[in-house]
Number of protein chains: 2
Amino acid sequence: MAISNSNNRFSSKLTSQCQNCSLSALCLPIALADEDVNRLDQIIERKRPLKKGEILFHQGEEFDSVFAVRTGTLKTYNITNSGEEQITGFYCPSELVGLSGIDENHYPVSAKALETTTVCEIPFAHLEQLSSQIPSLKHQLFRLMSRKICDDQQMMVLLGKKNADEKVASFLLNLSHRFKKRGYSATAFRLSMSRGEIGNYLGLAVETVSRVMTRFQKNGLIDVDGKEISIINLPEMEKLVGSAGECATIEHV
Amino acid sequence: MAISNSNNRFSSKLTSQCQNCSLSALCLPIALADEDVNRLDQIIERKRPLKKGEILFHQGEEFDSVFAVRTGTLKTYNITNSGEEQITGFYCPSELVGLSGIDENHYPVSAKALETTTVCEIPFAHLEQLSSQIPSLKHQLFRLMSRKICDDQQMMVLLGKKNADEKVASFLLNLSHRFKKRGYSATAFRLSMSRGEIGNYLGLAVETVSRVMTRFQKNGLIDVDGKEISIINLPEMEKLVGSAGECATIEHV
DNA sequence: CGATTGCTTGAGTGTCATCAACTAGAGTGG
DNA sequence: CCACTCTAGTTGATGACACTCAAGCAATCG
């Protein structure tokens with residue numbers, strides 16, 4: 001099964017390719033024929049890992065690639081006129097970052113690594129071109145963008161209608177789902193973002209996030225140890241969330 | 001300049017086509033060659049007008065088309081588990097509704113007419129197919145979806161970080177921009193949605209929307225007469241909004 | 001015409017932000 | 001090794017903003 005790497009046009013020793021990437025079932029290659037995965041592979045660049053705090057792209061920078069997270073976590077954020085950071089999303093392995101840059105041809109947000117993170121860079125012009133030749137790839141792209149729209153709208157509901165408890169519970173369960181989909185534990189995981197970043201993302205003060213989590217722990221819903229989270233009472237958490245995750249519940253393949 | 005309608009495959013007397021549609025510069029046909037616009041035209045169905053309150057598609061229904069608003073206004077919303085309506089967006093002429101249905105192949109929201117509204121139905125399978133043959137159409141589709149993502153993220157910022165005044169001001173200015181883009185007055189327009197719908201959308205109580213607007217009027221920022229709105233002091237309004245509309249400010253062509 | 005709906009205004013309350021103090025851990029440098 | 005500093009997180013006290021409840025008004029509708 002050894003894949004010939006001889007004509008790999010990238011200098012690096014990072015030999016990973018879509019074919020042997022454990023995330024291919026979740027990422028772009030989904031539903032692609034082997035030969036098509038190969039063609040996709042050709043245009044993807046594996047970059048050196050980003051260290052914690054390093055920036056993948058800056059708000060305002062010219063858009064030319066989308067990025068698939070392979071390991072680690074990213075956050076996207078923009079700096080408001082008043083100078084404060086507003087986090088718009090967290091990105092786990094297999095997830096695609098940068099799609100919002102297509103429209104204006106500039107990234108409207110910055111992307112920063114929350115921990116050591118590796119990404120696959122996918123030059124969008126190439127991807128778009130390739131998508132003309134591979135209908136299933138085009139369809140996959142449309143689906144991914146559509147899902148992003150769907151997810152963001154769920155987030156809007158969360159921000160507009162939910163109280164602090166519901167927000168935090170939704171956030172934790174959302175992470176839980178995403179870890180589960182990737183084959184990790186749905187009930188025990190490590191938060192790669194700080195309380196401050198969670199609060200920023202959820203529209204809550206740091207103190208509120210802290211208080212809610214402490215209370216959840218007191219009530220036996222979760223177990224918190226710094227950044228390590230265990231969900232003890234999943235059903236109760238789901239009850240708390242209530243309406244959340246309309247999109248997410250119709251779990252896709 | 002009469003366009004031959006003889007081979008129009010749609011029974012209706014609604015003869016409008018992309019070529020003579022005043023919105024073509026904003027809608028899908030943007031940047032398409034004449035012949036390509038023609039091909040696009042072929043797959044588009046003009047539907048009979050929706051009356052106020054009529055539903056264009058239901059949450060959960062199978063997805064098969066996106067819709068371009070030609071006249072009137074739509075809202076999209078979903079019904080949460082607790083049974084309450086949550087509005088996720090308002091759609092003005094030239095704007096595309098239904099993109100969020102691509103992913104799961106079901107509409108995750110319902111779309112309802114806020115007033116008498118006409119739409120162009122664009123069967124997505126056809127559109128996707130056509131987009132393979134017309135690269136600029138594909139690109140336009142990507143851009144539209146990307147813009148939607150961008151806009152939704154601005155909305156997330158609004159919901160998460162802004163107070164009632166800023167929310168209402170952002171909302172009014174957002175409408176103002178959209179009217180202006182279509183060639184209407186940026187400072188005087190009619191709200192097609194109720195106070196209740198505005199509040200629902202912005203994550204505010206009806207009473208709060210009412211109070212804020214009244215106060216804006218007292219302070220000479222706007223003039224309110226029922227659903228008629230005039231923006232008196234645009235600069236002051238923009239100051240209020242502050243950071244809003246990062247995406248929107250880099251006005252696209 | 002009463003009934004209903006949409007909007008406005010007032011009074012009271014609760015949730016969450018703000019301010020502040022404190023702890024714990026990590027990194028720094030003598 | 002031990003202050004020292006800095007940052008992240010927690011906890012408590014206080015208060016503001018927006019929600020809820022309630023009443024009243026205007027317009028529309030059957």
Side-chain angles (χ1 to χ4, degrees), chain A residues 51-53 73 75 80 82 84-87 112 114-116 158-172 190-219 222-229 240 242, chain B residues 51-53 73 75 82 84-87 112 114-116 157-172 190-219 222-229 240 242:
Chain A
K51 283 198 286 282
K52 175 174 174 162
T73 323
K75 70 172 173 184
T80 63
S82 32
E84 25 172 25
E85 171 176 320
Q86 167 62 46
I87 297 175
K112 184 185 273 191
L114 295 181
E115 55 192 326
T116 304
L158 181 148
L159 289 168
K161 287 275 180 298
K162 301 195 177 181
N163 62 27
D165 285 16
E166 294 167 337
K167 284 181 180 180
V168 174
S170 299
F171 177 73
L172 293 176
R190 194 179 157 286
L191 299 175
S192 44
M193 64 293 288
S194 72
R195 301 288 193 273
E197 286 166 328
I198 296 174
N200 182 304
Y201 179 60
L202 295 178
L204 295 174
V206 200
E207 297 94 325
T208 305
V209 175
S210 183
R211 277 186 254 267
V212 170
M213 288 186 137
T214 306
R215 187 150 30 80
F216 280 1
Q217 181 161 32
K218 275 196 187 114
N219 298 344
I222 62 176
D223 190 64
V224 187
D225 176 22
K227 303 210 173 241
E228 299 293 335
I229 300 281
L240 239 178
Chain B
K51 283 198 285 284
K52 175 173 175 164
T73 323
K75 70 172 172 184
S82 33
E84 25 171 23
E85 171 175 321
Q86 167 62 45
I87 296 174
K112 184 184 273 190
L114 295 181
E115 56 192 326
T116 303
V157 176
L158 180 148
L159 289 168
K161 288 275 180 300
K162 301 194 176 178
N163 62 27
D165 284 17
E166 292 166 338
K167 284 181 180 180
V168 174
S170 299
F171 177 73
L172 293 177
R190 193 179 159 285
L191 299 175
S192 44
M193 65 294 289
S194 71
R195 302 288 194 274
E197 287 167 328
I198 297 174
N200 183 304
Y201 179 61
L202 295 178
L204 294 174
V206 200
E207 297 93 326
T208 306
V209 175
S210 183
R211 276 186 253 268
V212 170
M213 288 185 132
T214 306
R215 187 149 31 78
F216 279 1
Q217 182 162 30
K218 275 197 187 112
N219 298 343
I222 62 176
D223 189 63
V224 187
D225 175 21
K227 302 209 173 243
E228 300 293 335
I229 300 282
L240 240 177

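Please read these numbers as outputs of a predicted model, since none were measured by experiment. Order of the sequence lines fixes the chain letters, A, B, ..., with proteins taken first and strands second; residue numbering starts at 1 for each chain.
For B:Arg211 against C:dG10, a side-chain-to-base donor-acceptor contact under 3.5 Å is present.
Contact between the side-chain N/O atoms of A:Lys167 and the OP1/OP2 oxygens of C:dC16 is not found at any separation under 4.0 Å. Side-chain N/O atoms of A:Thr208 include one lying less than 4.0 angstrom from OP1 or OP2 on C:dA17. Taking side-chain N and O atoms only, A:Ser194 has no distance below 4.0 Å to OP1 or OP2 of D:dT7.
Here C:dT18 is the nucleotide among C:dC7, C:dT9, C:dT18 with the atom lying nearest to any side-chain atom of A:Ala205.
Here A:Gly203 lies in heavy-atom contact (under 4.0 Å) with sugar-phosphate atoms only. As judged by a 4.0 angstrom heavy-atom cut-off over every strand, B:Ala164 is placed among residues touching the sugar-phosphate backbone only.
Counting to the nearest Å, the C1' atom of D:dT10 and the CZ atom of A:Arg195 are 10 Å from each other. Taking atom CG of residue A:Leu202 and atom P of nucleotide C:dC16, one finds them 12 Å apart after rounding to whole Å. Computed from coordinates, the B:Lys227 NZ to C:dT8 P distance equals 10 Å when rounded to whole Å. Atom C1' of nucleotide D:dA8 and atom CG of A:Asn200 are separated by 15 Å, given to the nearest angstrom.
Annotation: of the two residues near DNA chain C, A:Glu207 and A:Asn163, the 5′-most nearest-nucleotide partner is A:Asn163.
Here the side chains of B:Met213 and B:Leu191 are in contact, with some heavy-atom distance below 4.5 Å.
Panel note: side chain A:Lys227, backbone A:Met193; a donor-acceptor pair is recorded below 3.5 Å.
A salt bridge links B:Glu85 to B:Lys75: one of the charged nitrogens lies within less than 4.0 Å of a carboxylate oxygen.
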